[in-house]
There are 2 protein chains.
Amino acid sequence: MTKVTRKKREIQQREEKILSVAQSLILSEGYHGLNMDRIAESLEYSKGTIYNHFPNKEEIILALGIRTMESRIELFRRGSEFPGLSRERLQGIGVASEIFARLYPHHFFLEQMIRISSIWEKASERRRQQFQSCEMQCMASVAKIVSAGVAENNLKLPEGFTPQDLVYGLWSLVSGAYSLAASNPNLAQLGINEPYSRVRLLANHLLDGFQWRPLSTDYDYSIVAEKVLHTQFLPELSRLEQLQFPLSR
Amino acid sequence: MTKVTRKKREIQQREEKILSVAQSLILSEGYHGLNMDRIAESLEYSKGTIYNHFPNKEEIILALGIRTMESRIELFRRGSEFPGLSRERLQGIGVASEIFARLYPHHFFLEQMIRISSIWEKASERRRQQFQSCEMQCMASVAKIVSAGVAENNLKLPEGFTPQDLVYGLWSLVSGAYSLAASNPNLAQLGINEPYSRVRLLANHLLDGFQWRPLSTDYDYSIVAEKVLHTQFLPELSRLEQLQFPLSR
DNA sequence: GTCAATTATTGACGTTTCGTCAAATCTGTC
DNA sequence: GACAGATTTGACGAAACGTCAATAATTGAC
């Protein structure tokens with residue numbers, strides 16, 4: 001029924017433009033720098049038109065978060081398709097996670113904002129569910145590999161410890177670390193110089209603590225990471241190199 | 001010179017009242033629920049008077065964060081005074097951290113807010129430094145114990161890994177986990193039922209991964225935690241029991 | 001006790017931003 | 001080219017921030 005006319009396409013494209021302007025505003029000037037009048041002015045449309053696309057400011061922010069979340073799911077999917085032992089496959093997700101954090105460092109900023117600034121309450125149910133579903137998909141892909149590790153007999157979880165609990169640990173470690181890195185400009189001042197690559201090492205030590213075999217003391221996972229990078233993430237390589245992506249470090 | 005008159009004391013006390021009203025507003029209605037008119041109205045003072053105490057809304061929020069941060073430092077100090085091996089003392093901080101998170105669960109909410117909502121930029125240099133100094137004191141107390149572990153020969157850090165890096169890991173894990181728990185009401189839905197006590201277990205596994213002796217597989221740290229609780233945190237015990245604080249679980 | 005100087009309080013006001021909606025404009029169809 | 005329906009516009013009201021001149025209270029010297 002709904003014919004895709006020139007006008008319809010134009011409207012569709014405008015939605016992208018709104019998000020892109022919103023993103024640059026929010027990144028350069030923070031939460032308060034994003035305002036509807038400025039978006040409208042910058043795109044040379046009236047405010048009413050912007051409100052036709054998004055019923056309020058909060059929805060725009062959530063939409064931005066969903067946009068990067070979708071890229072994250074895709075990266076996680078590709079990472080988890082790396083063939084091998086469970087812990088090697090988890091390495092695949094680790095690399096995906098690191099690539100994600102480097103390509104979209106602002107995401108962690110957005111995510112915190114979404115959780116905090118009453119955005120959640122004001123946004124529509126539909127978008128909220130979309131966001132949560134993204135998050136759950138990511139966590140599920142990790143949980144699946146943890147369960148595989150148990151099934152493979154390479155990982156024994158402690159009494160009363162579920163795969164979800166381990167996912168909680170990994171997730172907390174990674175998101176905590178990236179959030180700190182994203183919002184604390186003076187980590188270096190505290191003696192933390194390469195936050196991104198450190199996270200991978202820390203996560204591996206956590207896995208060692210659970211005796212997930214092969215242990216990182218017996219097996220060089222940085223080689224696995226390198227392999228993951230070249231088999232699963234070729235398309236991203238050049239973009240990453242511009243950012244000086246050092247997996248070996 | 002500046003005599004402490006009745007009036008001065010009155011003003012001092014009002015500052016406390018402002019913070020307490022602000023806190024309940026922000027907790028019950030989120031970032032947007034906190035507004036200066038409502039604080040003024042609720043305390044039956046005019047807005048101008050509130051502005052005499054705090055030059056803007058952001059300073060109030062930061063002051064709230066500093067207030068809990070100071071309690072945190074105090075808890076950390078007491079925890080780290082627990083006598084014993086380095087890893088036992090770190091357990092002391094772990095317990096302190098867990099007590100803190102249970103007594104002031106809103107702190108992690110505040111902290112994220114401070115990092116995100118342009119609060120940082122708008123607040124005064126003085127308060128910003130105060131906040132950072134609190135944070136650094138906490139991290140330093142952890143770093144000190146890590147270094148002690150190395151000196152004690154119970155911990156060997158990997159090549160190129162500094163004590164600060166391990167602090168970064170612990171800090172990220174703990175703050176990530178508590179932030180998630182504070183802002184994600186449906187962790188249980190994801191299969192994570194006791195976020196607080198899980199964190200301690202996860203952190204201990206991370207330390208095991210670094211081979212910090214004695215390992216938690218050889219030594220029951222929940223007994224240590226119990227002892228810490230009774231020797232270092234007696235005053236808090238009754239308050240915690242009302243919250244059903246299960247260290248053994 | 002009085003009074004001038006200092007200090008504290010007030011609330012009306014200007015400003016910014018959100019989100020709305022009736023009126024104006026544009027688009028596609030017959 | 002006339003008409004219905006979709007789209008766009010921007011003036012408007014509401015809410016909140018932060019200011020400041022005017023007012024009130026307090027203090028301390030005499």
Side-chain angles (χ1 to χ4, degrees), chain A residues 1-18 21-22 25-26 28-64 113-114 117-124 127, chain B residues 1-18 21-22 25-26 28-64 113-114 117-124 127:
Chain A
M1 298 299 109
T2 48
K3 265 222 302 221
V4 181
T5 62
R6 180 181 60 71
K7 189 71 194 168
K8 287 262 155 78
R9 248 177 301 131
E10 212 176 290
I11 292 176
Q12 190 76 35
Q13 285 168 3
R14 192 164 51 215
E15 194 136 325
E16 273 308 304
K17 280 190 195 155
I18 292 174
V21 167
L25 276 176
I26 213 169
S28 62
E29 318 214 18
Y31 180 65
H32 286 113
L34 177 67
N35 74 354
M36 303 303 263
D37 296 74
R38 279 175 74 184
I39 294 175
E41 190 189 0
S42 160
L43 288 173
E44 297 181 276
Y45 283 103
S46 84
K47 208 158 37 136
T49 301
I50 312 295
Y51 275 94
N52 272 355
H53 289 270
F54 298 96
N56 54 46
K57 188 173 146 164
E58 282 72 21
E59 288 263 317
I60 294 185
I61 300 177
L62 196 51
L64 285 174
M113 194 136 71
I114 289 168
S117 314
S118 330
I119 289 174
W120 202 249
E121 294 96 67
K122 291 183 112 191
S124 67
R127 273 221 167 72
Chain B
M1 302 298 106
T2 46
K3 269 223 300 226
V4 181
T5 62
R6 180 184 58 72
K7 190 71 195 171
K8 287 262 155 76
R9 249 179 299 130
E10 213 177 290
I11 291 176
Q12 191 77 34
Q13 284 169 3
R14 192 165 50 216
E15 194 138 326
E16 273 308 304
K17 281 192 196 152
I18 292 174
V21 167
L25 276 177
I26 211 169
S28 62
E29 318 213 21
Y31 179 65
H32 286 114
L34 175 68
N35 72 2
M36 303 303 263
D37 296 73
R38 278 175 74 182
I39 294 175
E41 189 188 1
S42 160
L43 288 173
E44 296 182 274
Y45 282 103
S46 82
K47 207 157 38 137
T49 301
I50 311 296
Y51 274 95
N52 272 354
H53 289 271
F54 298 96
N56 53 48
K57 186 173 148 165
E58 283 71 21
E59 288 263 317
I60 294 185
I61 299 177
L62 197 49
L64 286 174
M113 195 137 70
I114 289 167
S117 315
S118 332
I119 289 175
W120 202 248
E121 293 97 68
K122 290 182 116 193
S124 69
R127 273 222 167 71

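Nearest nucleotide to the Tyr51(A) side chain, out of dC18(C), dT10(C), dG18(D): dC18(C). For Ser46(A), the side-chain atoms get nearest to dT9(D) when compared with the rest of dG18(D), dT9(C), dT9(D). Distances were taken from every side-chain heavy atom of Ile11(A) (C-beta onward) to each of dT7(D), dT9(D), dC18(C); the shortest belongs to dT7(D). Closest to the side chain of Lys57(A), from the set dC17(D), dG19(C), dT10(C), is dG19(C). For Asn35(B), whose side chain is taken as the heavy atoms from C-beta onward, the closest listed nucleotide among dG19(C), dT17(C), dC17(D) is dC17(D).
The heavy-atom pair separating Asn56(B) from Lys122(B) by the smallest distance is ND2-O, 3.4 Å. When every heavy atom of Lys57(A) is checked against every heavy atom of Tyr31(A), the shortest pair comes out as NZ-O, 3.8 Å. For the residue pair Ile61(B) and Met113(B), the shortest heavy atom distance occurs at CG2-CE, 4.4 Å. Across every non-hydrogen atom of Ala63(A) and Arg127(A), the tightest pair is CB-NE, 3.6 Å. What you find for Val21(B) and Ser42(B) is that their closest heavy atoms are CG1-OG, 3.7 Å.
Atoms CG (Leu43(B)) and C1' (dT9(C)) sit 14 Å apart, rounded to a whole Å. Distance Arg9(A) CZ to dG28(C) P: 11 Å, rounded to the nearest Å. Put simply, CG on Leu34(B) is 10 Å from P on dG18(D), counting in whole angstrom units. Glu44(B) has its CD atom 12 Å from the P atom of dG11(C), to the nearest Å. Between Asn56(B) atom CG and dA16(D) atom P there is a gap of 17 Å when expressed in whole angstrom units. The nearest whole Å value for the distance from the CD atom in Glu58(B) to the C1' atom in dG18(D) is 11 Å. Atom-to-atom, CZ of Arg14(B) to C1' of dT7(C) comes out at 12 Å; the value is rounded to the nearest Å. Distance CE (Met36(B)) to C1' (dG11(C)): 15 Å, rounded to an integer number of Å.
Residue contacts for Asn52(B): at a heavy-atom cut-off of 4.0 Å it reaches a base atom on one of the strands shown. Residue Ile50(A) is out of contact with every strand shown, counting any heavy-atom pair closer than 4.0 Å. Among the heavy atoms of the strands, none lies under 4.0 Å from Arg38(A).
Between Lys122(A) and the phosphate of dC18(C), there is no side-chain N or O to OP1/OP2 separation shorter than 4.0 Å.
Side chain Lys47(B) to base dG18(D): a donor-acceptor pair is found below 3.5 Å.
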